[in-house]
Amino acid sequence: MKRIPIKELIERDAEKGNNEKSGTEKAEVEKVAIEEAEKGVTDKRKQNLMNLIKRVHGLVENADLEKHRQSQDHIGAILSNTKAIKYQEVNIEGMYGEWISVNRTHMKKYVLLHCHGGGYSTGSSLYARTLTSKLAESTSMDVLCFDYRLAPECPYPAALEDAVKAWNYLMLLGYGARDVILTGDSAGGNLALALTLKLKQEGRLLPRGILLMSPWTDLTSSGKSFRTKAEMDPVLNSAYIDRMVKAYAENRELQDPMISPLFGDFTGFPPVYIQVGENEILLSDSLRLHKVLVDANVSVKIDIYSDMWHVFQMSPVRAARAAMDKNAEFIYDICR
């Protein structure tokens with residue numbers, strides 16, 4: 001049935017009167033009115049959710065970098081207070097790390113090495129528990145997270161050097177490269193990719209797979225979404241990204257693949273799975289990464305989550321739970 005424009009139906013109604021209107025036209029008017037009303041409600045809910053996320057993020061973000069870090073750790077400690085997960089501290093050549101495990105019988109053959117986010121200037125294993133505990137629970141695998149040195153106190157290449165140290169630690173424990181799945185969120189996604197590029201550069205074996213959540217892949221900020229999503233992103237903005245870039249890689253060549261992995265050679269890379277929110281300014285970082293991986297004949301999949309924000313997997317929302325299930329599916333598939 002051809003849909004009649006709502007304006008035309010209203011005009012007909014004015015001419016003929018309600019009593020003369022056909023049943024088809026009445027049904028069409030009601031249908032359009034309901035759809036428009038539902039759309040208005042949905043849009044309002046989406047906007048309210050974005051505003052809520054922005055306020056919550058504002059409670060954490062602080063111009064004082066040390067207070068920002070402390071706020072993140074406080075949230076991590078609160079959200080990780082569960083008997084279902086156990087945490088074990090480990091010293092990795094003077095670097096703090098921790099094992100995250102489900103408090104039940106679980107798989108020991110494979111291990112996840114998680115690189116936490118935070119723009120290379122904030123974040124920690126404690127704050128990362130908002131993700132690592134979910135990864136451990138959804139996969140029933142052990143997760144190792146490590147506190148790499150942060151900028152601006154320790155700019156590039158400190159974080160990458162520490163990631164190599166964590167990788168070597170797993171190798172010394174007896175894990176093979178094919179027993180390790182790298183995971184990372186935001187800057188941690190950048191670090192997971194840079195670590196793999198570094199291993200490849202050194203002619204070493206690569207991990208079994210790479211799982212990325214809202215990865216920050218291009219420190220030149222040249223992606224289209226920096227403009228198109230600027231008003232929608234409730235978590236990140238260009239000014240914040242610029243500060244993080246300056247702290248981590250000032251006076252460096254930003255197209256260096258170890259700094260912006262998007263510009264790397266991904267030939268021979270293991271399978272990669274990317275999750276990204278539709279409403280984040282780093283959307284292009286994921287979309288462009290997906291394209292270059294496809295061009296390099298890498299097995300890669302990307303899921304773009306409607307109405308979601310940067311690293312939404314941390315939040316207690318239905319989409320986050322669904323995303324973690326998809327993460328587990330990817331890991332199970334590559335571990336067969």
Side-chain angles (χ1 to χ4, degrees), residues 85-93 95-117 125 128-129 131-148 159-185 188-213 215 261 264 266-275 293 296-301 313 324-336:
I85 303 290
K86 59 182 179 181
Y87 306 95
Q88 181 182 347
E89 296 182 11
V90 62
N91 186 315
I92 306 173
E93 295 184 28
M95 177 175 66
Y96 177 86
E98 66 178 28
W99 285 100
I100 302 93
S101 308
V102 288
N103 201 8
R104 62 175 186 267
T105 302
H106 58 281
M107 185 181 297
K108 294 286 189 178
K109 177 175 173 52
Y110 301 105
V111 64
L112 312 185
L113 178 60
H114 185 74
C115 305
H116 71 74
S125 297
R129 289 179 181 180
L131 290 174
T132 55
S133 58
K134 293 178 181 179
L135 286 169
E137 192 160 19
S138 64
T139 63
S140 290
M141 296 178 186
D142 291 340
V143 182
L144 176 65
C145 192
F146 57 99
D147 285 5
Y148 54 81
L160 180 55
E161 292 171 348
D162 290 346
V164 172
K165 187 188 297 185
W167 177 268
N168 290 341
Y169 170 76
L170 287 177
M171 299 303 103
L172 288 172
L173 285 183
Y175 289 101
R178 297 280 297 167
D179 300 326
V180 182
I181 298 95
L182 285 183
T183 66
D185 65 285
N190 179 304
L191 186 55
L193 290 167
L195 171 58
T196 309
L197 287 169
K198 185 69 172 177
L199 294 172
K200 178 186 171 184
Q201 184 184 79
E202 295 177 352
R204 302 177 65 178
L205 296 176
L206 305 185
R208 192 175 195 90
I210 306 173
L211 166 62
L212 305 171
M213 292 168 277
F266 296 103
T267 306
F269 252 53
V272 178
Y273 176 43
I274 307 165
Q275 291 182 341
L293 288 170
N297 293 316
V298 175
S299 174
V300 58
K301 180 183 177 182
Q313 295 88 342
M324 279 299 166
D325 288 342
K326 295 284 285 185
N327 286 336
E329 286 178 17
F330 165 73
I331 291 171
Y332 292 152
D333 283 345
I334 64 174
C335 289
R336 285 177 180 171

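Quick caveat: nothing in here was measured; it's all calculated off a predicted structure.
- Between C145 and H116, the shortest heavy-atom distance links the atoms SG-CB, 4.3 Å.
- Here the side chain of Y96 pairs no donor or acceptor atom with the backbone of E89 at under 3.5 angstrom.
- In this structure F269 satisfies the ring pair (Phe, Tyr, Trp, His ring centres under 6.0 Å) test together with F266, sequence neighbours excluded.
- Exactly one of L170, L199, D179, L113 qualifies for a side chain to side chain contact (heavy atoms under 4.5 Å, CB included) with P207. That residue is L199.
- In this structure, the salt bridge (charged side-chain N to carboxylate O under 4.0 Å, His left out) partners of E202, at least two apart in sequence or on a different chain, are R204.
- Taking T105 as the reference, nothing meets the side chain to side chain donor-acceptor pair (under 3.5 Å) condition, with sequence neighbours excluded.
- With values rounded to the nearest 0.5 angstrom, Q313 atom CD is found 6.5 Å from L131 atom CG.
- Residues G189 and P215 come closest through the heavy atom pair CA-CB, 4.1 Å.
- A search for salt bridge (charged side-chain N to carboxylate O under 4.0 Å, His left out) contacts involving R178 returns nothing, not counting sequence neighbours.
- Looking only at side-chain heavy atoms (C-beta outward), T139 and M324 stay at 4.5 Å or farther from each other.
- Taking all atoms of both residues into account, the shortest heavy-atom contact from E98 to V90 is N-CG1, 3.8 Å.
- Under the 4.5 Å side-chain criterion, counting only non-hydrogen atoms from C-beta, K134 is not in contact with N327.
- L293 and I274 make their closest contact through CD1-CD1, 4.4 Å (heavy atoms, listed as atom of the first residue, atom of the second, distance).
- Take E329 and apply the side-chain contact (heavy atoms from CB on, under 4.5 Å) test, not counting sequence neighbours, and it matches K326.
- Although no hydrogens or angles enter the test, the distance criterion places no donor-acceptor pair under 3.5 Å between the side chain of R208 and the main chain of P270.
- Just one residue in the list L211, D185, I181 forms a side chain to side chain contact (heavy atoms under 4.5 Å, CB included) with H114, and that residue is D185.
- Between Y273 and F330, the ring planes lie tilted relative to each other; the angle falls in the 30° to 60° range.
- Annotation: salt bridge (charged side-chain N to carboxylate O under 4.0 Å, His left out) contacts of D147 (sequence neighbours excluded): none.
- Legend: residues meeting side-chain contact (heavy atoms from CB on, under 4.5 Å) with D333, ordered by chain and number and at least two apart, are R336.
- Within the model, atoms CD1 of I100 and CD1 of I85 stand 9.0 Å from one another, a figure rounded to the nearest 0.5 Å.
- More than 12 heavy atoms of other shown residues, nucleotides or ligands fall within 6.0 angstrom of atom CG in L173.
- Remark: S101 pairs with D142 by the side chain to side chain donor-acceptor pair (under 3.5 Å) rule, at least two apart or across chains.
- The nearest pair of heavy atoms linking A159 to Y148 is CB-CD1, 3.6 Å.
- The line from NZ of K86 to OG of S133 is 15.0 Å long, rounded to the nearest 0.5 Å.
- Partners of E137 according to the salt bridge (charged side-chain N to carboxylate O under 4.0 Å, His left out) rule, which considers only residues two or more places apart in sequence or in another chain, do not exist here.
- Under the ring pair (Phe, Tyr, Trp, His ring centres under 6.0 Å) criterion, Y175 pairs with no residue, sequence neighbours left out.
- A distance of 13.5 Å separates CG in L195 from NZ in K165, rounded to the nearest 0.5 Å.
- In this structure, the side chains of T196 and L182 come closer than 4.5 Å at one or more pairs of heavy atoms.
- With a 4.5 Å cut-off on side-chain heavy atoms, L197 and P261 count as touching.
- In terms of the side-chain contact (heavy atoms from CB on, under 4.5 Å) criterion, residue partners of Q201 (sequence neighbours excluded) are, by chain and number, K198, M258.
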Could you walk me through whether L112 and I331 satisfy the side chain to side chain contact (heavy atoms under 4.5 Å, CB included) test, starting with their C-alpha distance in whole Å, then the side-chain angles of each, then the deciding distance to 0.1 Å, before giving a yes or no?
CA-CA 9 Å; L112 312 185; I331 291 171; 3.9 Å; yes
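- Under the side-chain contact (heavy atoms from CB on, under 4.5 Å) criterion, C115 pairs with F146, L191, A192, sequence neighbours left out.
- When H106, K108, R104 are each tested for a side-chain hydrogen bond (donor to acceptor under 3.5 Å, both in side chains) with S140, only one passes: R104.
- The line from CD1 of I92 to CH2 of W167 is 13.5 Å long, rounded to the nearest 0.5 Å.
- Side-chain contact between E93 and Y169 is absent, with no heavy atoms from C-beta onward closer than 4.5 Å.
- Put simply, the side chain of M141 does not reach to within 4.5 Å of the side chain of L135, judged on heavy atoms.
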